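Comments concern the structure below.
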Amino acid sequence: MELEQRHLFGQLFAALTARHRDDDGHLRIGVTKQDLLDALHTTPSGLAQLLDLLRQQVTPLGLELVEYRLGRETHYCLRTLYGVPSELADPEYAVLGIIIASMEAAAARHRTPKIQSKDLEAVLVARGRLSSYQLDKILHRLADLGYIIRAANWITYGARTELEFDEERRTAIANAAAVYLAGTAIPPPDNGESK
Amino acid sequence: MSDDKPPKSRKTRRVNASDASDTPHNHLEDKKNQSGQTPTILTKGVVVTLWNLTKKYEVALKEREVFAVKESEVDREEVADAYHFLETPWERVLDGRFYKTLAMMQHRRDAVTVTPDTTPEEWTALFAAEVKRRATPLVFLTSQEATVPTLVLPQEETPIASSTPPTADDRAAIARYQVAFEQVPIGKLDDLRTRLIARLRGKQLSLAELSASLTNWELDLLSQLIRDGDLPAVFVDRTTIAFRPSKRASQEDIAFAAAALEVKNREKVQKT
């Protein structure tokens, strides 16, 4: 590989594995397509070609290039193919699992799934698995890391959860949660219809 | 030995003591006083039974005890028809409280049955592993997020961020407490010393004049010069200081005095 191209891949790799916060404080992962086009002075087809080359380079490392849309913009980022240590601790993973299970239950009824933190409290706090303070702290951290978005009492998926857990995995987690929470019906979400 | 005491009696005493103002006996007394009628034995019995059962379950939940299904069922049947005899809001709330504790006991029993001998921590770790092994984490090489806004140095007049412009008082406070960070290169020090001595030797100045004419670093330098005897000085009175025309220190100069001068002159030395 030419030296120049290797340099370019290095910079591209750094851009794809970056993250920053937008004006609303939400975590933005990777880099937008427009930013890449502007930075590389290339056409969309040239960019696609370059990204294909990069994909070939990173796949042997156990990484894959992901393209996702957020709002009107297309983003690119890098994801591992295998389970590797991540930023979350065990209780945070457990809470995320419960959130995913509740969300999947909500998704069966509503187009835009959302749950309330009191639904989580019923499963985790009332059963003595976590204290109310611990749950609140974990939710705060999950929101901070871009896994969930909290607006008032409502919780929705952040982009990161959908990127790290595809639909199949989310369903599998919901099924696992059903076994682990046997006897605890996840309360059906009240999506504000009664208001 | 305190360990020999039966734990049950201790529990009962503690619960009764904490709820002394809210017992069924007090309630029945109040009811009697208000209505003038003595509650029937049946009502009394129902209320007291409800109370005892509620307390039994509340204490068990607190102590993380689990009763068998059969026992809970017997308790439930015992007060199943109690609502016929409940009259006041207090009694109905007590009824609700009993059913709530009964439901919570059922929850607890389910949790224990499904995962026997599993502490909440173990449960969390087990379930976390289920989630974790299905994750495909995103990769971030740059661990530092750009969450800190770019630092902008405040303007000269507004060292504090404020939506309103600073008032005259603010400006005075800023001027008073502002510390001027000046840098004087070491190579220039001798030159500055000589110039300072030339400026002050043989003069008699009040402290106010002195502080108005000197900058921070000049005052520092002046202290050193006086201390080292390079520029002998004496206090003429409490507010006036006289610098000797010659370097030779006379006997009367060895009377030490200190004056803290506040710098008024804010001339800054150019960085080199």
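The chains referred to below are lettered A, B, ... by the order of the sequence lines, with proteins before strands, and numbering in each begins at 1. Here the structure is a predicted model, which is why all the values come from computation and not from measurement.
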Requested in this report: Residue by residue, scan residues 162-174 of chain A and write down, ordered by number, those that have a heavy-atom distance under 4.5 Å to chain B; if none do, write 'none'.
Outcome: A:L163, A:E164, A:F165, A:R169, A:A172, A:I173
Query raised in the report: With a 4.5 Å limit on heavy-atom distance, are the side chains of B:F85 and B:L50 in contact?
Result: no
Query - Polar side-chain atom of A:T156 near backbone of A:K114 as donor-acceptor pair, under 3.5 Å - result: no
**Report entry** Parallel, tilted or perpendicular: rings of B:W90 and B:W51 (30°, 60°)
**Finding:** parallel
Requested in this report: Measure up the A:Y180 and B:W123 rings against each other and bin them: parallel (under 30°), tilted (30 to 60°), perpendicular (over 60°).
Outcome: perpendicular
Query raised in the report: Without hydrogens or angle criteria, can the side chains of A:Q56 and A:D52 be said to hold a donor-acceptor pair below 3.5 Å?
Result: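 Per modelled atom types, A:Q56 and A:D52 side chains form no pair under 3.5 Å.
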Query raised in the report: Excluding sequence neighbours, so at least two apart, what forms ring-ring contact (aromatic ring centres under 6.0 Å, His included) with A:Y68?
Result: A:H75
Query raised in the report: Which bit of A:L88 comes within less than 4.5 Å of chain B, counting heavy atoms only: side chain, backbone, both or neither?
Result: neither
